[in-house]
There are 2 protein chains.
Amino acid sequence: MKKQATIKDIAKRLNVSISTVSRALKNAPDVSNGTKASILAVAEELHYQPNRLAVSFRVKHTNTIGVIVPNLDYVLSTMVKGIDEVALEAGYTVMVCQSNESFGREVLNTSRMLQSLVDGLIISVSSETKTFDHIKKFQERDLPIVAFDRIVPEIIAPNVILDNEYGGYIATDHLIQQGYRNIAILAGPKNLGISNARMDGYLKALKENNLKVDPKNIIHCDFNQDYAYFATKELLKSKNRPDAIFTISDRMAIGAMIAIKERGLKMPTDIGLVGFNNEPMLSLLTPTISSVEQPMFEIGKMAAKIFIERLHSEESPITTEVLKPTLIIRESSKRIFI
Amino acid sequence: MKKQATIKDIAKRLNVSISTVSRALKNAPDVSNGTKASILAVAEELHYQPNRLAVSFRVKHTNTIGVIVPNLDYVLSTMVKGIDEVALEAGYTVMVCQSNESFGREVLNTSRMLQSLVDGLIISVSSETKTFDHIKKFQERDLPIVAFDRIVPEIIAPNVILDNEYGGYIATDHLIQQGYRNIAILAGPKNLGISNARMDGYLKALKENNLKVDPKNIIHCDFNQDYAYFATKELLKSKNRPDAIFTISDRMAIGAMIAIKERGLKMPTDIGLVGFNNEPMLSLLTPTISSVEQPMFEIGKMAAKIFIERLHSEESPITTEVLKPTLIIRESSKRIFI
DNA sequence: TACGTAACCGGTAACGGTACCGGAAATATC
DNA sequence: GATATTTCCGGTACCGTTACCGGTTACGTA
């Protein structure tokens, strides 16, 4: 039981040629129903399993799609689940690799994938990634790539991303509607795409509501919780302290929350807080925290869908799909009850 | 730039045979240093990339290891990260698939992996999985498998699991040390391995401390938060209500916490609570919740390590590695201060 | 009857490598 | 100087499958 049956075995068994077996197995039209049936029967009997490696080697594509993500946190892993969903549906196998936010890892992964002939790449680039030659190699081989979550500049490829500006806008606008007037933003690192986009939304909302922008209310800091904690602590010390904070990630919101509590301020009365991503834990905190929710699953599905389209029709247009987030309002920012 | 260079191309270029090129590329001893160098140079120049598919096809193994997990939650995804770590180190590529806790998906995934000739399987089975033929197929083909996280009965293979009994023990013992005497357990579904093991630890701790077991304090319910909430609600109504609860997952602990708060009880004074897994959010709740922490990363690394060992030395012994969890004590159970 | 046309099937090359065998040249051994 | 031994390299079969090119056979049509 160690050796796997091949089409040769079943050909021998029936005294037909391997070509006939090959055709019968893929239900080609030029095989009689009789032989087709007997071939199928013998295949069943011998527990024949096609050797995908041999097929892939022959036909030069593998029906597997490479997926590279910086990590598998809540957001990314549900996006991957979305990719998985439609890929499986369409008969593709998904190969997931994590770059761990490391450029080196990402390059290694792309190289391995290229060598094993994945049919293309769906990628959310690492934060370290500044050059894109490793990705361009896919294009040189005419393999489709689609970027999601984080967009890839310099590369002409479909993108599936969140409308980050809109996310920043609805979060800020909501705070304004709740009567907050001196709203700070804990933005991410400067020059980072999503960070700036979310901040643009913030600025737009302020402008639309005729609120002036106070530079002191715009804080750039790392995504992590501790930075946000210290930044908030500083922010709350100032004489004209903000009465609301919008953070562009939930982790940062947590940091801000801790600083707020330490300062003895109450949410939402003294100060409002809105995060980004809507991680499940937010509804467990006291107070529960408002957040902007991404359609993660849909983003994943969309990315895979577009990928498969491009795989089939050589020159489908290169689009960038922008999905809208929704605001989940909870206690931390709900000051007005109607 | 569309076609990839092959050893044939570089052989032609140098007027040597493809065998020589093949040998030179893998640094075989019977090629002179001179030709080796020139071959390497030309390979570089032509951007030669070995076709892994061709190699795998020829040598009948792929240097990729299949990993199947029920999902990619906090625990599992860091275990996968551990697997990734050592696999990459050892030159293996990892192929991760999620079964979504579905038996059908799991079977599909194993089948695809078998067809694409992964070198073996590292698996945490889905909760639906009751039959194991799809896994046995790997063994029939002499492919190593190792089970982790959830053990696989009926299959003779190395296991890497947590010492769940010990986990239950330290959690319960800690509660006892803190002066709690009437300790309930929210166990998982009956007949589930990890559930029973953790409960055994609970029972052992009670026995060692000469506390009698009250059957009403043992609740079997689903892993999810809502069940735990309702179960706890019932539990707290009884006249002789427990003064501490140990839940075998953090999700359940959350459910219990909500019920406790609703009832107006204070942790840790009125009632103690300990969860399992130590998900990051626990330290953000009020009160912060104690929990048993798994060495997730280590479990993943260990699984991969054992896997690779078995891959290389045909008959290394079949062990089951049992890693110890540690207890993280937080506010929800810390009643005695020294 | 003869011929054209489907319908069906077989033979074979090829995909990119590896492994094995064997041979020639260079070197060592006596 | 003849033989034995390395050292280095080429030839070739082969892995499992598909694609392509033909060749039979059977059947319909004139």
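Chain naming here is simple, since letters A, B, ... match the order of the sequence lines and numbering starts at 1 in each.
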[X] [atom1] to [N] [atom2], straight-line distance once rounded to whole Å:
{"X": "B:Leu117", "N": "D:dC15", "atom1": "CG", "atom2": "P", "value": "15 Å"}
{"X": "A:Gln4", "N": "D:dC15", "atom1": "CD", "atom2": "P", "value": "15 Å"}
{"X": "B:Asp9", "N": "C:dC15", "atom1": "CG", "atom2": "C1'", "value": "13 Å"}
{"X": "B:Arg52", "N": "C:dT18", "atom1": "CZ", "atom2": "P", "value": "13 Å"}
{"X": "A:Leu53", "N": "D:dC14", "atom1": "CG", "atom2": "P", "value": "20 Å"}
{"X": "B:Lys8", "N": "D:dT12", "atom1": "NZ", "atom2": "P", "value": "14 Å"}
{"X": "A:Asn63", "N": "D:dT17", "atom1": "CG", "atom2": "P", "value": "16 Å"}
{"X": "B:Ile7", "N": "C:dG16", "atom1": "CD1", "atom2": "P", "value": "10 Å"}

In chain order, what residues pass the salt bridge (Lys or Arg N to Asp or Glu O under 4.0 Å) check against [X], with sequence neighbours excluded?
{"X": "A:Lys60", "value": "none"}
{"X": "A:Glu45", "value": "A:Arg13"}
{"X": "A:Lys81", "value": "none"}
{"X": "B:Asp9", "value": "none"}

Minimum-distance nucleotide to B:Thr6 side chain [options: C:dG17, C:dT18, D:dT17]: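 Closest of the options to the side chain of B:Thr6: C:dG17.
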Within less than 4.0 Å of OP1 or OP2 of C:dG17, is there a side-chain N or O belonging to B:Tyr48?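 Indeed, a polar side-chain atom of B:Tyr48 lies that close.
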Examine D:dG16: is either OP1 or OP2 under 4.0 Å from a nitrogen or oxygen in the side chain of B:Lys60? Give yes or no.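 True: B:Lys60 side-chain N/O within range (under 4.0 Å) of D:dG16 OP1/OP2.
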Between protein and nucleotides 7-13 of chain C, what N or O pairs are separated by less than 3.5 Å?
from   : atom 1 : to      : atom 2 : distance (Å)
C:dC9  : OP1    : A:Ser32 : OG     : 3.4
C:dC9  : OP1    : A:Thr35 : OG1    : 3.3
C:dC9  : OP2    : A:Ser32 : N      : 2.8
C:dC9  : OP2    : A:Thr35 : OG1    : 3.1
C:dG10 : OP1    : A:Ser17 : N      : 3.3
C:dG10 : OP2    : A:Ser17 : N      : 2.8
C:dG10 : OP2    : A:Ser17 : OG     : 2.8
C:dG10 : OP2    : A:Thr20 : OG1    : 2.2
C:dG10 : N7     : A:Arg23 : NH2    : 3.0
C:dG10 : O6     : A:Arg23 : NH1    : 3.0
C:dG11 : N7     : A:Ser19 : OG     : 3.0
C:dG11 : O6     : A:Ser19 : OG     : 3.0

Applying the 5.5 Å / 30° rule, does A:Phe57 stack onto the base of D:dT17?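 Per 5.5 Å and 30° rule: no stacking.
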Any carboxylate oxygen within less than 4.0 angstrom of a Lys/Arg side-chain nitrogen, looking at A:Glu101 and A:Arg150?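 So A:Glu101 pairs with A:Arg150 through a salt bridge.
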Where do A:Ser17 and A:Thr20 land on the side-chain hydrogen bond (donor to acceptor under 3.5 Å, both in side chains) test, with the steps shown first? CA-CA 5 Å; A:Ser17 76; A:Thr20 307; 3.0 Å; yes
Tell me, please, which residues at least two apart from A:Phe57 pass ring-ring contact (aromatic ring centres under 6.0 Å, His included).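 ring-ring contact (aromatic ring centres under 6.0 Å, His included) check on A:Phe57 returns B:Phe57.
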